[in-house]
Peer 1: 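Sharing a structure here in structure tokens format.
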Amino acid sequence: MNVDGKPYRTIWRASEGKSVEIIDQTRLPHHFTTVELRNLEDAANAISDMLVRGAPLIGATAAYGICLALEDDASDARLAHAYETLMATRPTAVNLRWALDDMRTRLMPLPPEQRQAAAYRRAAEICDEDVGICSSIGDHGRDLISRLWDAKDGTGVVNVLTHCNAGWLATVDWGTAIAPIYKAHDAGIPVHVWVDETRPRNQGASLTAWELGRHGVPHTVIVDNVGGHLMQHGQVDICIVGTDRTTAGGDVCNKIGTYLKALAADASGVPFYVALPSPTIDWTIEDGLRDIPIEQRDATEVSHMTGRTAEGEVVTIQLTPDGSPAANYAFDVTPARYVTGLITERGVCEASREGLQSLFPEQKVMSAS
Ligand code: MRU
């Protein structure tokens with residue numbers, strides 16, 4: 001996507017070739033800065049400190065982390081160390097494991113002297129594939145929005161509610177949940193987005209609002225508890241969210257608060273869709289509530305908040321009284337029965353094993369063997 005007229009992806013190999021550049025998402029929306037990752041530790045820290053975040057981008061960064069790790073030593077032991085170090089960065093988004101498994105499977109059979117070049121080739125492919133996948137998700141999701149627009153007989157606007165940031169910043173480009181919105185907007189369909197602020201880290205208020213603003217998409221930031229009220233009053237035509245891990249049975253793990261939006265959508269008859277690239281499907285598990293590890297992050301993300309003062313200084317302040325403990329569950333699981341459909345790169349399906357297998361029949365063979 002364009003930032004101030006210049007096309008960007010969220011991650012790219014530096015022109016000198018020995019490092020990787022990212023957008024530092026902890027500094028948005030007030031400062032747009034890029035950061036150079038020079039080694040394995042830089043890549044691991046960028047993921048755990050959330051300079052990069054969003055399931056697909058975490059996977060892409062991990063792939064490049066392997067490349068950086070092999071700079072001076074591409075031995076089996078070094079590859080194993082890099083795999084373990086990156087795998088330990090964040091527990092919930094399954095794209096991390098997907099990318100690391102993919103890299104290790106391709107690199108291990110090669111002689112060490114060929115590994116780094118092969119790693120860079122594959123990391124670049126993973127990024128290109130992600131862009132293609134997200135673009136296709138956008139096309140399929142745009143068709144859903146287009147049908148809602150047709151039903152309005154050319155009046156008003158299609159109101160979409162989204163949670164957290166599943167836009168281009170969460171992927172390599174386009175986004176997952178936001179890709180259909182960009183495609184609909186670009187096709188001339190009038191779309192307005194309700195942006196959940198998404199406490200505690202405010203990815204909606206900071207990142208989704210920034211992205212939509214840059215692309216000229218009409219949007220309104222709301223606090224996390226507003227969605228139910230809007231849905232009761234007919235002000236949401238469709239919810240579209242992303243996911244960090246979706247099980248083979250269609251249970252959806254996403255940013256904390258997603259489940260409550262799905263319940264509200266169910267109660268008000270609002271369609272609730274989840275947009276996901278296939279590397280976000282965990283074919284090894286069926287029951288999301290039981291089997292998906294939920295990340296718990298530092299309590300200071302709840303007790304404190306960062307923002308810009310009227311003087312333009314970005315500062316962090318404390319919200320809670322001294323001594324009050326805070327809990328910081330980063331994700332929740334929405335059972336498949338509350339999900340109207342899954343928007344994948346291969347089309348839209350029911351949130352169920354049968355639905356997913358109708359689009360990904362090769363996985364039927366794998367899970368049965
Ligand atoms: O903790 P984050 O910012 O990495 O979480 C990302 C999300 O949960 C997003 O909402 C998104 O839906 C999944 S990534 C496309």
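As the structure lists them, so they are numbered: ligands from 1, and atoms in each ligand from 1. Scope of the values below: all heavy atoms of this structure, side chains included, with no hydrogens, waters or symmetry mates.
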Peer 1: Is Val241 touching ligand 1 with its side chain, its backbone, both, or neither, if touching means heavy atoms under 4.0 Å apart?
Peer 2: neither

Peer 1: If you measure every N or O of Gly54 against every N or O of ligand 1, does any of those distances drop under 3.5 Å?
Peer 2: yes

Peer 1: Measure the distances from the heavy atoms of Glu295 to every atom of ligand 1 and state whether one is below 4.0 angstrom.
Peer 2: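 Checking ligand 1 against Glu295, which is what was asked, there is no heavy-atom contact under 4.0 Å.
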
Peer 1: Determine, considering heavy atoms only, which of Thr208, Ile178, Ile240, Thr176 sits nearest to atom 15 (C) of ligand 1.
Peer 2: Thr176

Peer 1: How does Pro56 reach ligand 1, if at all, at less than 4.0 Å between non-hydrogen atoms: by side chain, backbone, both, or neither?
Peer 2: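 Just the side chain.
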
Peer 1: Is Asn254 in polar range of ligand 1, meaning some N or O pair under 3.5 Å apart?
Peer 2: yes

Peer 1: I'd like the name of whichever of Arg245, Gln203, Arg297, His163 reaches closest to atom 3 (O) of ligand 1 through any heavy atom.
Peer 2: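 The nearest heavy atom belongs to Gln203.
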
Peer 1: Quick one: does Ala330 get within less than 4.0 Å of ligand 1, heavy atoms only?
Peer 2: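 Distance cut 4.0 Å: Ala330 fails for ligand 1.
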
Peer 1: Are Trp98 and Ile11 connected, step by step, through hydrophobic side chains (Ile, Leu, Val, Met, Phe, Trp, Tyr) whose heavy atoms are closer than 4.5 Å?
Peer 2: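 Yes, one cluster joins them.
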
Peer 1: Does any N or O atom in Asp244 lie less than 3.5 angstrom from one in ligand 1, N or O only?
Peer 2: yes

Peer 1: Return the orientation label for the His192 and Trp194 ring planes: parallel under 30°, perpendicular over 60°, tilted otherwise.
Peer 2: perpendicular

Peer 1: Give the contacting part of Thr243 toward ligand 1: side chain, backbone, both or neither, where contact means a heavy-atom distance below 4.0 Å.
Peer 2: backbone

Peer 1: Side chain, backbone, both or neither: which part of Arg201 has a heavy atom under 4.0 Å from ligand 1?
Peer 2: neither

